[in-house]
Amino acid sequence: MRINVEYSTQHWIFPIITIGVLVILAVLLIALEGRARVKAGGSFFAKPGRFFAENYDKFKFWGCIVLMIVYFFFLDKLGFTFWSMICLYLFNTLFANKAQLKSAKYHVISVIISVVACLLISIVFGTLFAITLPSGLFTIEIPSLGFILY
């Protein structure tokens, strides 16, 4: 059996596999939880208890959800490296405490971490392993060197 994959879209293979595995695990989790409820004498689909702990940090939780949705939406438009740098910095800022947010040193370190981590990931995956990453407006390609910064 042979699967033909277009080079420009091969970066979507692993997210699809990951989503498939997560769906299987979710079904398994529901089945195991339902079985445990039936054994305890309840209904398979009995109403569960609280999903979130009391007084959970709503700003961080919903901030993560919104940031992830925005990240995936703009990934193909702006390119992996540039957009990931921005989003990683925003995630770092989202989880910073008040003292860290006031510290210039924290922001400088966060920018350095965001830039270095995203550049390394882009170079290792995009150039060394030749795995396509989402390209976009800020993709840099140097064909003579065989180098693409997605």
Side-chain angles (χ1 to χ4, degrees), residues 5-141 148-150:
V5 177
E6 212 173 301
Y7 182 74
S8 63
T9 60
Q10 76 180 12
H11 60 271
W12 288 109
I13 292 172
F14 286 109
I16 291 170
I17 291 170
T18 303
I19 289 169
V21 169
L22 288 173
V23 167
I24 291 168
L25 290 174
V27 168
L28 184 63
L29 185 64
I30 291 168
L32 292 173
E33 181 69 25
R35 189 176 77 179
R37 289 181 184 153
V38 169
K39 275 187 178 180
S43 167
F44 186 86
F45 290 110
K47 185 176 178 182
R50 293 183 61 90
F51 184 76
F52 295 109
E54 284 190 44
N55 299 322
Y56 73 98
D57 193 333
K58 292 175 179 75
F59 181 76
K60 288 180 182 175
F61 176 77
W62 292 109
C64 279
I65 300 295
V66 169
L67 192 52
M68 285 302 295
I69 291 169
V70 171
Y71 175 72
F72 288 126
F73 180 77
F74 284 107
L75 197 54
D76 279 338
K77 292 165 184 57
L78 299 176
F80 173 81
T81 307
F82 175 76
W83 186 232
S84 293
M85 286 178 194
I86 292 171
C87 286
L88 184 56
Y89 173 78
L90 292 174
F91 272 112
N92 286 341
T93 304
L94 181 66
F95 283 94
N97 60 38
K98 289 179 183 179
Q100 290 170 323
L101 288 174
K102 293 178 183 176
S103 168
K105 181 181 176 184
Y106 175 81
H107 291 284
V108 169
I109 290 171
S110 185
V111 166
I112 291 169
I113 289 170
S114 300
V115 169
V116 170
C118 294
L119 282 174
L120 280 174
I121 290 169
S122 185
I123 291 168
V124 168
F125 283 93
T127 303
L128 295 178
F129 296 148
I131 296 173
T132 60
L133 296 168
S135 59
L137 185 63
F138 294 100
T139 298
I140 299 170
E141 188 171 349
I148 300 175
L149 189 62
Y150 290 96

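Since this is a predicted model, take the numbers as computed values, not measurements.
Scanning for side chain to side chain contact (heavy atoms under 4.5 Å, CB included) contacts around Lys58 gives Tyr56, Trp62, with sequence neighbours left out. Residues meeting the ring-ring contact (aromatic ring centres under 6.0 Å, His included) test with Phe91, sequence neighbours left out: none. Take Val115 and apply the side chain to side chain contact (heavy atoms under 4.5 Å, CB included) test, not counting sequence neighbours, and it matches Met85, Val111, Leu119. Contacts of Leu22 classified as side chain to side chain contact (heavy atoms under 4.5 Å, CB included), with partners at least two apart in sequence or in another chain: Thr18. Scanning for salt bridge (Lys or Arg N to Asp or Glu O under 4.0 Å) contacts around Lys60 gives Asp57, with sequence neighbours left out. Not counting sequence neighbours, the partners of Val66 by the side chain to side chain contact (heavy atoms under 4.5 Å, CB included) test are Val70.
To the nearest 0.5 Å, atom CG of residue Leu120 and atom CZ of residue Phe125 are 11.0 Å apart. Going from atom CG of Leu90 over to atom CH2 of Trp83 covers 7.0 Å, rounded to the nearest 0.5 Å. To the nearest 0.5 angstrom, Ser135 atom OG is 11.5 Å from Leu78 atom CG.
Sorted by first and then second residue, the side chain to side chain donor-acceptor pair (under 3.5 Å) pairs with a member in residues 90-101 read Asn92-Ser110; sequence neighbours excluded. Within the structure, salt bridge (charged side-chain N to carboxylate O under 4.0 Å, His left out) contacts touching residues 14-33 (residues at least two apart or in different chains) are Glu33-Arg37.
Nearest heavy atoms, Tyr71 versus Phe80: OH-CE1, 3.7 Å. When all heavy atoms of Leu94 and Gly63 are compared, the pair lying nearest together is CD2-C, 3.8 Å. Among all heavy-atom pairs drawn from Cys87 and Leu67, the shortest one is O-CD2, 4.0 Å.
Residues Ile121 and Ser84 are not in side-chain contact: their nearest non-hydrogen atoms beyond the backbone lie 4.5 Å or more apart.
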